[in-house]
Asks: 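Below you'll find the structure I mean.
For reference, positions follow the sequence shown, starting with 1. In listed order, ligands and their atoms are each counted from 1. No hydrogens, no waters, no symmetry mates; every other heavy atom, side chains included, goes into these values.
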Amino acid sequence: MMGVPPSEYETVLRCSNVILSGGDRDIIPPGTDPLLAALDAGVTLTGIMDELGQFRMENPIDDITSALVNSEIESERLTRQELSSFFVLLITAGNETTRTAIAHGLLALTEHPDQKARLLADYEGLAGTATDEIVRWASPVIWMRRTLSRDHTMSGVDLKTGDKVLLFYNSANRDATAFVDPDVFDVGRRPNDHYGFGAPGPHFCLGAHLARREITVMFEKLLRRYPHIHSIGGPAQQQGNFVNGIKRLAYSF
Ligand code: HEM
């Protein structure tokens, strides 16, 4: 969608892995400081976008990069730096999260064979609710941080302007006051106002619709072709507290 040339796919994947690695030694190059490795990966991605943006300014096609570099709102354009930052955000926010949700989805369906059987029996009817339940269950993004712009009292706790607070999406997604049987994986869960994509508001995940589509299509194809697919053994959990990542998950079909 961004128009990244296939020759750069490998690099983009490696860099986004490194940025969200949480310092995991399996992902960052050996002997490298995790922070420097992340900065380095950011510089590489910025370079790719910079080149792409310049090219698409002169050779626009029907892709997001062309739209971004050639758009003007109230005679303002995105700067090169803004473009690159947005690219890094889109790439990292879009790849790791969706991949993680899919891996957790396979794990959850394996661990809950009754739910898998239900889904297989009526994929069309349950795909929508199952996809959201996978995102709630997985909570691929664990937290975000906010800085208070005004004083606020929450659950009896006084918070002041400038305070920094963490939003733990995984915790909110298992809140027994918000969900019936929150620790039950239910592919037909309805309602399911989960926080896997963040809370409603200006920062709600920009890619939620795309992510839902990707997860739905992936499981439709996977389950249709390999209805017996299941994970084997436990997942190799990614280090770090930001992304609930799965590095490897063995499977059989
Ligand atoms: C299952 C997959 C995904 C999950 C679980 C997820 C989760 C999240 C969460 C929790 C946030 C933070 C919301 C907040 O700050 O309150 C977020 C923001 C964001 N996501 Fe996603 N995301 C997913 C897929 C995607 C995809 C596919 C894209 C783009 C292609 C994307 C782009 C973004 C962007 C740009 C933001 C920042 C929005 C802003 O602060 O204005 N995400 N996502």
Asks: Is there a side-chain contact between T129 and L126 (heavy atoms, below 4.5 Å)?
Replies: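 Counting from C-beta outward, T129 and L126 do come under 4.5 Å.
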Asks: In the protein, what heavy atom is nearest to atom 38 (C) of ligand 1, and what distance, to one decimal place, separates them?
Replies: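 Protein heavy atom with the smallest distance to atom 38 (C) of ligand 1: H203 O, 3.7 Å.
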Asks: Out of T97, L90, L206, N244, who is nearest to atom 23 (C) of ligand 1 when you count heavy atoms only?
Replies: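 The residue whose heavy atom sits nearest atom 23 (C) of ligand 1 is T97.
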Asks: Among all the protein's non-hydrogen atoms, which is closest to atom 6 (C) of ligand 1, and how far away is it?
Replies: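 For atom 6 (C) of ligand 1, the nearest protein heavy atom comes out as F197 CD2, 3.7 Å.
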Asks: Salt-bridge test for E220 and R224: reply yes if a basic N is under 4.0 Å from a carboxylate O, no otherwise.
Replies: yes
Asks: Should you measure from each heavy atom of A211, which atoms of ligand 1 turn up under 4.0 Å away?
Replies: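 Counting atoms of ligand 1 from 1, those under 4.0 Å from A211 are 1 (C), 2 (C), 24 (C).
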Asks: Would you mind running through ligand 1 and noting each atom that sits below 4.0 Å from a heavy atom of M144?
Replies: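 Those of ligand 1 that fall under 4.0 Å from M144 are 12 (C), 15 (O).
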Asks: Does ligand 1 have a heavy atom under 4.0 Å from the side chain of R146, from its backbone, from both, or from neither?
Replies: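 For R146, the contact with ligand 1 is made by the side chain alone.
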Asks: Which is closest to atom 35 (C) of ligand 1 in terms of heavy atoms, L89, L210, T98?
Replies: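 Result: the heavy atom closest to atom 35 (C) of ligand 1 is in L89.
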Asks: Tell me, do V69 and L78 make a side-chain contact under 4.5 Å, heavy atoms counted?
Replies: no
Asks: Taking only heavy atoms of P140, which atoms of ligand 1 are found under 4.0 Å from at least one of them?
Replies: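 Those atoms are 5 (C).
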Asks: Would you call R118-D186 a salt bridge at under 4.0 Å N-O?
Replies: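 Counted as a salt bridge, because a side-chain N and a carboxylate O are separated by less than 4.0 Å.
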Asks: Would you mind reporting whether M57 and N70 have side-chain heavy atoms less than 4.5 Å apart?
Replies: yes
Asks: Under 6.0 Å from the ring centre and within 45 degrees of the ring axis: does the NZ or CZ of R136 meet both conditions for the six-membered ring of F179?
Replies: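 Ring-cation test returns yes.
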Asks: Any idea which part of Y195 is under 4.0 Å from ligand 1, heavy-atom wise: side chain, backbone, both or neither?
Replies: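 Answer for Y195: neither.
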Asks: Given G196, A93, C205, G94, identify the one with the heavy atom nearest to atom 10 (C) of ligand 1.
Replies: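 Among G196, A93, C205, G94, the closest heavy atom to atom 10 (C) of ligand 1 comes from G196.
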Asks: How many angstroms lie between CG in N241 and CG in L166, if you round to the nearest 0.5 Å?
Replies: 9.0 Å
Asks: Does P202 approach ligand 1 within less than 4.0 angstrom via side chain, backbone, both or neither, non-hydrogen atoms only?
Replies: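 The backbone, only.
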Asks: Taking the six-membered ring for Trp, are W143 and Y169 closer than 6.0 Å centroid to centroid?
Replies: no
